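Presented below is the structure to which this report refers.
Please read all numbers here as calculations on a predicted model, not as lab measurements.
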Amino acid sequence: MNETETQTDAAPETRDFIRERIRSDLADGTTDQLVTRFPPEPNGYLHIGHAKSICLNFGVASEFKGLCRLRFDDTNPAKEEQEFIDAIEEDVRWMGFEWDGAPRHASDYFDQLYDWAVYLIENGKAYVDDLNAEEIRAYRGTLTEPGKDSPYRGRSVEENLDLFTRMKNGEFPDGAKVLRAKIDMSSGNINMRDPVIYRIVHKSHPRTGDTWCIYPTYDFAHGQSDAIEGVTHSLCTLEFEDHRPLYDWLVENLPVPASPRQYEFARLNLTYTVLSKRRLTQLVQEGHVNGWNDPRMPTISGLRRRGIPAAAIRDFVSRLGVTKSDSTVDPALLDHCVRELLNKTAERRMAVLRPLKVVIENYPDGEGENLDAVNNPEDDAAGKRQVRFGREIYIERDDFMEDAPKKFFRLAPGREVRLRWAYFITCTDVIKDDVGEIIELRCTYDPATKGGDAPDGRKVKGTLHWVAAENAVDAEVRLYDHLFTDPAPGRQEDFVSTLNPESLEVLTGCKLEPSLMDFEVGDAMQFERLGYFAKDPDSTDAAPVFNRTMTLRDTWAKIQANS
RNA sequence: UGGGGUGUGGCGAAGCGGUCUAACGCACCGGAUUCUGAUUCCGGCAUUUCCUAGGUUCGAAUCCUAGCACCCCAGCCA
């Protein structure tokens, strides 16, 4: 046992096939220093599936004293944009990780990649093909039948060189020619049937502008970029497993400075969630959600806006494991991580979402008082604050029932409950409007129960949150639910039809304890008995807006649902 | 008779031939405590069972053989 092991032994070791592999490569000297990379394509926003990859790549680098870089896989200017590059950098940082050095880009290596393409041609291992896309597909064969050689496969090195140079010089329109690696048209692995490695795209690139009109494909750029950067363990998802022979072929047949190895793990799937960039893009573009950072989106920016802390996402990912078996995780696990963290850290406040006015008849008119309230029972250091109490207050409509069953512990005619941090009150009368709607409650309070305890030792079953009418702040509160009603929305092409029409509920006229105005966007707080909330960026002092991050567990709701 | 993968409880996941009458977490179900029906706490939750069927072995979820199921691949996307 050496000293590094002694150090890592302090914390429980995470064991998965990738970490086992790294451990052994480090132990037998195959690897001197671990280098990984997180390689997003800037064609969309990062989502929670990427969070798994981010935590793996950056996590493993820090655990084994290695390096992790951020590298944009920007080989397709038709789809990529600067907006996405900026958002990705922000999201990775917010997740709590810092990459080694400046962000890298596959496009930083376009010159080198071009030279290597020429090298392949010179060695008779690549050729320019004049077949169009449909013809190439036809020549490729099928899953069960081998392909046929392109009629252009036998071109001379000189001709290939000339043609490739002219491709680069912009002499041909998009799609007129491609450069292909000359491997094996009869391979069982379709990726080895002379894959296209360069294509003509007359389109300005976010970084290289109009310098190029030919661009390398993913396969021709990824492994070589890894090699240039000295990446030792190139981690990607399962669908790239059958690209590995091509990855290795390129590394072996090119004079690259290193031999990175690719390892594949299962991507994250979540029930009730869609996690493919194509589908997320569709949701945004068709306006089914309000942008990439809509709090209902599984994007990192959406989760952030909803109020979910990065630490909860990291915790969630750490409980997932890293394997090669396809898996679909219940989002309840993320919920649990969020609640566990926020229960410990979020300060409590009172807010009434659906207000019902209560007049305390025996409380002196025109008077009020300040009462002590504990900010976080899980954390003494959070201290106390004062809340205003008076003759008129608001309680939650759900906390009153005119004909209450025995198991209902809240307010009902003749029943006594506690107002949190305040007094016991008893309901004496119910006021209704012309159509029979309850518009107000009349109650009496017991002055001896100030602070919330009865000196005579009598108990009440329920404790309600409330806000004094005197200084309540009006606010908008947005409640969120699953974006989809189908547990597996991604399985069907028409996933839009399974959108949950009740995924967003906007409440206005909510009554807030005024101290809530002191919180900043990004701060988490608990509205007592309701859930965790966060101030939305739309919020202004004049018109505050809060997002519900997560409900509290609600046993009462479950009892009601089961009866 | 294409290639590449994966199969352990509702979900995720340990397990690397004996200590497996199979960890742990989520979910779920009981019950206790509680000024949040929250939290916390206790208990239950795969008892010849680890995709199936054979085999090897004193002994298998772990090794072998044969099946079966599911996932990925026929973009000049990544």
- Provide, to the nearest angstrom, the distance between the NE2 atom belonging to A/His243 and the C1' atom belonging to B/G5. 13 Å
- Message: Can you work out whether A/Arg193 or A/Asp554 has the more 5'-proximal nearest nucleotide on RNA chain B?
- Response: A/Arg193
- Any side-chain N or O of A/His465 less than 4.0 Å from the OP1 or OP2 oxygen of B/U36? no
- Measure the distance from NE2 on A/His222 to P on B/C77 and round it to the nearest whole Å. 17 Å
- Kindly say if A/Arg267 contacts the phosphate of B/G5, meaning a side-chain N or O under 4.0 Å from OP1 or OP2. no
- Task: Would you tell me whether A/Gln526 and A/Tyr532 have side-chain atoms, one donor and one acceptor, within less than 3.5 Å of each other?
- Result: yes
- A/Val467 and A/Met350 have their tightest heavy-atom pair at CG2-O, 3.7 Å
- Message: Quick check on B/G75: syn or anti? Syn means the glycosidic torsion is within 90 degrees of zero.
- Response: syn
- Any A/Thr75 side-chain nitrogen or oxygen under 4.0 Å from OP1 or OP2 of B/A78: yes
- Query: Do A/Tyr215 and A/Pro77 come within less than 4.5 Å of each other through their side chains, counting heavy atoms only?
  - Reply: yes
- So what's B/G67 paired with, Watson-Crick or G-U wobble, going by both distances under 3.5 Å? B/C51
- Message: Taking 5.5 Å and 30° as the limits, would you call A/Tyr218 and the base of B/A78 a stacked pair?
- Response: no
- Message: So, does A/Thr271 get its side chain near the phosphate of B/C11, meaning an N or O under 4.0 Å from OP1 or OP2?
- Response: no
- Query: So, is A/Arg319 near the phosphate of B/A27, with a side-chain N or O under 4.0 Å from OP1 or OP2?
  - Reply: no
- Message: Measuring to OP1 and OP2 of B/G37, would you say a side-chain N or O of A/Arg529 lies under 4.0 angstrom away?
- Response: yes
- Query: Reckon A/Arg71 has a side-chain N or O less than 4.0 Å from the OP1 or OP2 of B/A78?
  - Reply: no
- Gap between atoms CG and P, on A/Leu238 and B/A78 respectively (whole Å): 20 Å
- Task: Write down the partner of B/G59 under the Watson-Crick or G-U wobble criteria, each distance required to be under 3.5 Å.
- Result: none
- Query: According to a strict under-4.0 Å criterion, is A/Arg348 in side-chain N/O contact with OP1 or OP2 of B/U36?
  - Reply: no
- Item | For B/G75, the Watson-Crick or wobble partner whose two distances fall under 3.5 Å | none
- Query: Think A/Thr328 has a side-chain N or O under 4.0 angstrom from the OP1 or OP2 of B/C11?
  - Reply: no
- Query: Given atom CD1 of A/Ile200 and atom P of B/C77, what is their separation to the nearest angstrom?
  - Reply: 12 Å
- Query: Among A/Leu464, A/Leu411, A/Asp446, whose side chain to side chain contact (heavy atoms under 4.5 Å, CB included) with A/Ile425 holds?
  - Reply: A/Leu411
- Message: Under 4.0 Å from OP1 or OP2 of B/G75: is there any side-chain N or O of A/Arg140 that close?
- Response: yes
- Item | Gap between atoms CG and P, on A/Asp16 and B/U6 respectively (whole Å) | 15 Å
- Item | Which residue lies more 5' along RNA chain B, comparing A/Thr555 with A/Trp421 via nearest heavy atoms | A/Trp421
- Item | A/Arg349 to A/Phe527 six-membered ring, cation-pi geometry met (6.0 Å, 45°) | no
- Grab the CD1-P distance between A/Ile136 and B/C77 for me, whole Å please. 11 Å
- Round to the nearest Å and state the distance from A/Lys324 atom NZ to B/A13 atom C1'. 17 Å
- Grab the two heavy atoms, one from A/His222 and one from A/Pro39, that are nearest each other, plus how far apart they are. CE1-CB, 3.7 Å
- Task: For A/Phe240, answer base if it contacts any base atom (sugar-phosphate contacts may also be present), sugar-phosphate if it contacts only those atoms, and nothing otherwise; contact means non-hydrogen atoms under 4.0 Å.
- Result: base
- Query: Are any of A/Lys558's side-chain N or O atoms less than 4.0 Å away from OP1 or OP2 of B/C28?
  - Reply: yes
- Query: How many Å lie between CZ on A/Arg553 and P on B/U36, as a whole number?
  - Reply: 15 Å
